[in-house]
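Every value quoted in this text rests on a predicted model; they were computed, and no experiment measured them. Here is the naming used below: chain letters follow the sequence lines, and residue numbers restart at 1 for every chain.
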2 protein chains.
Amino acid sequence: MPRHFLRKLELYTHLSAADREALESAVGEKRRRVGPREDIVREGDHTGHVNLVLEGWACRYKQLEDGRRQIVALFVPGDLCDTHIDVLREMDHAIGTLTPATYAEVSRDTLGAIAARHPRIMQALWWDTLVSASIQREWTVNLGQRSASERLGHLLCELFLRLRGVGLTEGNHCVLPTTQADLADAMGLSTVHINRTLQDLRRAGLIVLKGRNLTIPDLAALQAASLFTPNYLHFDHIGRHLDAVEPVAV
Amino acid sequence: MPRHFLRKLELYTHLSAADREALESAVGEKRRRVGPREDIVREGDHTGHVNLVLEGWACRYKQLEDGRRQIVALFVPGDLCDTHIDVLREMDHAIGTLTPATYAEVSRDTLGAIAARHPRIMQALWWDTLVSASIQREWTVNLGQRSASERLGHLLCELFLRLRGVGLTEGNHCVLPTTQADLADAMGLSTVHINRTLQDLRRAGLIVLKGRNLTIPDLAALQAASLFTPNYLHFDHIGRHLDAVEPVAV
DNA sequence: CGGTCAGTTGAGAACTTTCAACATGGGTGG
DNA sequence: CCACCCATGTTGAAAGTTCTCAACTGACCG
């Protein structure tokens, strides 16, 4: 059932049937369904589990006292929120949904048990954690150095590749279920400017965005226009030395 | 010798004498001294060790093809660069010094051996890693939502508290050895604007900055002006349940 | 003494925000 | 079934912030 998550981990290494079963049963333990714009975790909480997004989109965000909000990470199906975060006393940020969503709560104990018994999974979770950190760094670059259109184009490239990594694209097309206000909070821009920047990208033929449907006619062109290089996503099967060798050949 | 690092870890938990010795000997293995503005790690490298800053300041940065540079993290004495990063194939960023610096190279094997034998250290390293990630998120908020003066004030608050955490402040005073150009690259602003913003902060009486010497006459005031809350640094001795109980009482 | 680096200043240009109005669409109650 | 409402997206114009360019200062070094 956590097929997007499994698919993502297999970008790093091939899992054995036993690995997959272990993850499936862990994810089956406790499942929740929530509406759009709901908090899953609030700032100040102390949670003892990890959340895995199964369907829908969510985000990690921080809010300033005066109401300004910054989305610091977007979560799409297959994304794991806050691995190991429970070493810290309390959450310094919140996690909320952008769309209706379902997610699995995996307890720390369950995750620890799996990691102990399945070293390949442990490595893959490590990889996932490090890639998340790398994405966070790239967002810092994005906000610090890129112009509005580069910034937005960069985000769309990243999301497209991440969605493709979990099997949620078709050809050069994917969904973009966020509102323009969500994009604004993620990019540190006003909604008005997001709107105009999207129009610029459309006018330049770099994207086709109708409603929640995004098409990127020429990904290489969008990447070039956004100074995007995919290396920071580390989608290069770098854990192949750990690949499971199944006993049964085809 | 890695006194700043030890002191930082003790913000989280108290280490035993054995813990401290293990860390000291690990850090003594290989020590390097480099000048200012030198790269310690280059983008594309594949390193098998972790670097611990002993003296001087360094940074993690990413550079765009057209030369724009974003500093995504600052390292002060006691900071550890890139724990566990070697799960990834190659570095997606570089690490360079800002000032002359000395650092210790700790091999992955050494670190792994310590972690296995000293669970308290392993937990403390985890805490350090998670705090670094938290700081990275806060920088994203900083670049996305705060105005130039809030942004710069926020950074100065953070640096002051981090330096205080490793014993490198005296009263309300510390060093700030970066150039304005470095600050600009870290804050996503131009050097000219950094210069003017520093003047604003000075004029408002929030900082006194002469050469490399920074004084913050009223930290609470600077925090308030910058919408700074220290919770994200997690300096709250949250690992106290792990505190070492020394067999010898004083 | 000349050169270089860091810091400072002025002025205009460019980018982004704010405010306010208007358009569109889906959903709800009458 | 229609009327209304609200969330989302769109547009215009003025204001505000930040950048760029260019010049100049002061300190340190060879």
Practice item. Give a yes/no on whether any side-chain N or O of R202(A) is located under 4.0 angstrom from OP1 or OP2 of dT10(D). Key: yes
Check your understanding: Rounded to whole angstrom units, what separation is found between the CZ atom of R151(A) and the P atom of dC15(C)?
Key -> 13 Å
**Study point:** Rounded distance (Å) that lies between atom P of dT10(D) and atom CD1 of I194(A)
**Key:** 12 Å
Check your understanding: Can you tell me how far P of dT17(C) sits from CZ of R146(B), to the nearest Å?
Key -> 17 Å
**Study point:** Nearest-Å distance for atom pair CG/P, residues N195(B) and dC19(D)
**Key:** 13 Å
Review point. What integer distance in Å separates L209(A):CG from dT10(D):P?
Key: 8 Å
Check your understanding: Quick one: does R196(B) reach the base of dG10(C) with a side-chain donor-acceptor pair under 3.5 Å?
Key -> yes
Exercise for review: Would you classify G211(B) as touching base, sugar-phosphate or nothing, given that sugar-phosphate means primed atoms plus P, OP1 and OP2, and contacts are heavy atoms under 4.0 Å?
Suggested key: nothing
**Study point:** Donor-acceptor side-chain pairing of Y103(A) and D79(A) below 3.5 angstrom
**Key:** no
**Study point:** Interatomic distance where NE2 belongs to H193(B) and C1' belongs to dA13(C) [whole Å]
**Key:** 15 Å
Review point. Does R212(A) have a side-chain nitrogen or oxygen under 4.0 Å from the phosphate oxygens OP1 or OP2 of dG25(C)?
Key: no
Point to revise | Q180(A) side chain near dT10(D) phosphate (N/O to OP1/OP2, under 4.0 Å) | key: yes
**Study point:** Parallel, tilted or perpendicular: ring planes of H154(A) versus Y232(A), cut at 30 and 60 degrees
**Key:** parallel
Point to revise | Between dG7(C) (C1') and L183(B) (CG): distance, integer Å | key: 12 Å
Point to revise | Distance, rounded to the nearest Å, where D66(A) contributes CG and dT17(C) contributes C1' | key: 15 Å
Check your understanding: Heavy atoms under 4.0 Å, any strand shown: does T179(A) hit a base, just sugar-phosphate, or nothing?
Key -> sugar-phosphate
**Study point:** Positive for salt bridge (Lys or Arg N to Asp or Glu O under 4.0 Å) with R32(B), one of E105(B), E38(B), E55(B)
**Key:** E105(B)
Review point. When you check the side-chain N and O atoms of Q136(B) and T140(A), is any donor under 3.5 Å from an acceptor?
Key: yes
Point to revise | dC5(C) OP1/OP2 closer than 4.0 Å to side-chain N/O of R37(B) | key: no
Check your understanding: With distance as the sole criterion, is a donor-acceptor pair present between the side chains of D92(B) and S134(A) under 3.5 Å?
Key -> yes
Review point. Considering only dT16(C), dG10(C), dA20(C), which nucleotide approaches the side chain of V192(A) most closely?
Key: dA20(C)
